[in-house]
Trainee: 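Supplied in structure tokens, the structure appears directly below.
In what follows, residues are counted from 1 in the order of the sequence shown.
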Amino acid sequence: MSAVDALLEAARAGLDRVSPAQAAAVQRDGGLLVDIRYAALRERDGTIPGALIVERNELEWRLDPTGAHRAPEATGHDLAVVVVCNEGYASSLAAVSLQQLGLYRATDLVGGFQAWREAGLPVSG
């Protein structure tokens, strides 16, 4: 096993990862879907309606509820957050980083945006 595979496995061990249907339910119930894909992927494939767009390099600063640069949606440490990347790899590591900031309900979408789209859930753009 490569070092990055081991890192990913360890990260996922601490997450309660969600399916596309579960992610949609989190959003319906007032939780936050956070799309960390880079612009070219969003332009190519579209976005999830209502998802907060935060590129990966800004994630911690925009989601830290105590930070000066937080997004208005980052309302508190108890916010349910589902991180979405393209295929569900980078999002696992990002969700762990959010948990380390105290967002204890942070997790990620299994299969990422591609799984969301394949499940027939809404996509805009």
Trainee: For a quick test of reading the model, state the closest non-hydrogen atom pair linking Arg56 to Ala94 and the distance between them.
Mentor: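 Smallest heavy-atom distance, with atoms named: NE-CB, 3.6 Å.
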
Trainee: Restricting to side chain to side chain donor-acceptor pair (under 3.5 Å), what partner residues turn up for Asp5, sequence neighbours left out?
Mentor: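 Applying side chain to side chain donor-acceptor pair (under 3.5 Å) to Asp5 gives Ser2.
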
Trainee: Check this for me: does any side-chain nitrogen of one of Arg105 and Asp78 sit under 4.0 Å from a carboxylate oxygen of the other?
Mentor: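 No, no charged N to carboxylate O under 4.0 Å.
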
Trainee: Taking all non-hydrogen atoms of both residues, which atom of Leu79 and which atom of Ala74 are closest, and how far apart?
Mentor: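 Heavy atoms of Leu79 and Ala74 come nearest at CD2-CA, 4.2 Å.
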
Trainee: Any donor and acceptor pair, going by atom type alone, linking the side chain of Trp61 with main-chain N or O of Ala71 inside 3.5 Å?
Mentor: no

Trainee: To the nearest 0.5 Å, what is the distance between CZ on Arg37 and OG1 on Thr47?
Mentor: 7.0 Å

Trainee: Please check if Val83 and Tyr104 belong to a single hydrophobic cluster, counting links between Ile, Leu, Val, Met, Phe, Trp and Tyr side chain heavy atoms closer than 4.5 Å.
Mentor: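 In one cluster: no.
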
Trainee: Kindly compute the distance separating CG (Leu98) from NE2 (His77), expressed to the nearest 0.5 Å.
Mentor: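 The CG atom of Leu98 sits 10.0 Å away from the NE2 atom of His77.
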
Trainee: Looking at CZ of Arg17 and CG of Asp108, how far apart are the two atoms once the value is rounded to the nearest 0.5 Å?
Mentor: 4.0 Å

Trainee: Going by the rule side chain to side chain donor-acceptor pair (under 3.5 Å), which residues pair with Glu73 if we only count those two or more places apart in sequence or in a different chain?
Mentor: none

Trainee: Residues two or more places apart in sequence or in another chain: which of them pass side chain to side chain donor-acceptor pair (under 3.5 Å) with Arg12?
Mentor: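 With sequence neighbours excluded, Arg12 shows a side chain to side chain donor-acceptor pair (under 3.5 Å) to Ser92, given in chain and number order.
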
Trainee: Output the distance between atom CG (Leu52) and atom CD1 (Ile36), rounded to the nearest 0.5 Å.
Mentor: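 Going from CG on Leu52 over to CD1 on Ile36, the span is 11.5 Å.
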
Trainee: Can Gln114 and Cys85 be said to form a side-chain contact (heavy atoms from CB on, under 4.5 Å), step by step?
Mentor: CA-CA 9 Å; Gln114 298 305 322; Cys85 68; over 6 Å; no

Trainee: Does Glu55 use its side chain to pair, donor to acceptor, with the backbone of Tyr38 at less than 3.5 Å?
Mentor: no

Trainee: Any chance the side chains of Ser19 and Gln22 put a donor and an acceptor closer than 3.5 Å?
Mentor: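 Distance-only check passes for Ser19 and Gln22.
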
Trainee: For a quick test of reading the model, state the closest non-hydrogen atom pair linking Leu93 to Ala11 and the distance between them.
Mentor: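 What the structure gives for the nearest pair is CD2-CB, 3.8 Å.
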
Trainee: Can you check salt bridge (Lys or Arg N to Asp or Glu O under 4.0 Å) on Arg42 and Asp35, steps first, answer last?
Mentor: CA-CA 9 Å; Arg42 295 191 312 270; Asp35 187 342; 5.3 Å; no

Trainee: Take Arg62 and Val34, measure what side-chain contact (heavy atoms from CB on, under 4.5 Å) needs, and give me the verdict at the end.
Mentor: CA-CA 10 Å; Arg62 303 291 287 151; Val34 180; over 6 Å; no

Trainee: Assess the residue pair Leu32 and Val82 against the criterion (side-chain contact (heavy atoms from CB on, under 4.5 Å)); give the C-alpha distance rounded to whole Å, side-chain angles, the decisive distance to 0.1 Å, and a yes or no.
Mentor: CA-CA 6 Å; Leu32 187 61; Val82 178; over 6 Å; no

Trainee: Looking at NE2 of His69 and CG of Asp64, how far apart are the two atoms once the value is rounded to the nearest 0.5 Å?
Mentor: 10.5 Å

Trainee: How far apart are the C-alpha atoms of Val81 and Thr107, what are their side-chain angles, what is the distance that settles it, and do they pass the side-chain contact (heavy atoms from CB on, under 4.5 Å) test?
Mentor: CA-CA 6 Å; Val81 176; Thr107 190; over 6 Å; no

Trainee: Could you tell me which non-hydrogen atom of Pro20 sits nearest to which non-hydrogen atom of Ala119, and how far apart they are?
Mentor: CB-CB, 3.9 Å

Trainee: Report the distance from atom CZ of Phe113 to atom CG of Leu33, rounding to the nearest 0.5 Å.
Mentor: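 Between Phe113 CZ and Leu33 CG, I get 11.0 Å after rounding to 0.5 Å.
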
Trainee: Which atoms form the tightest heavy-atom contact between Pro72 and Thr75, and what is the distance?
Mentor: O-CG2, 3.6 Å

Trainee: Between Leu59 and Leu103, is there shared hydrophobic-cluster membership here, with clusters defined by ILVMFWY side-chain heavy atoms closer than 4.5 Å?
Mentor: yes

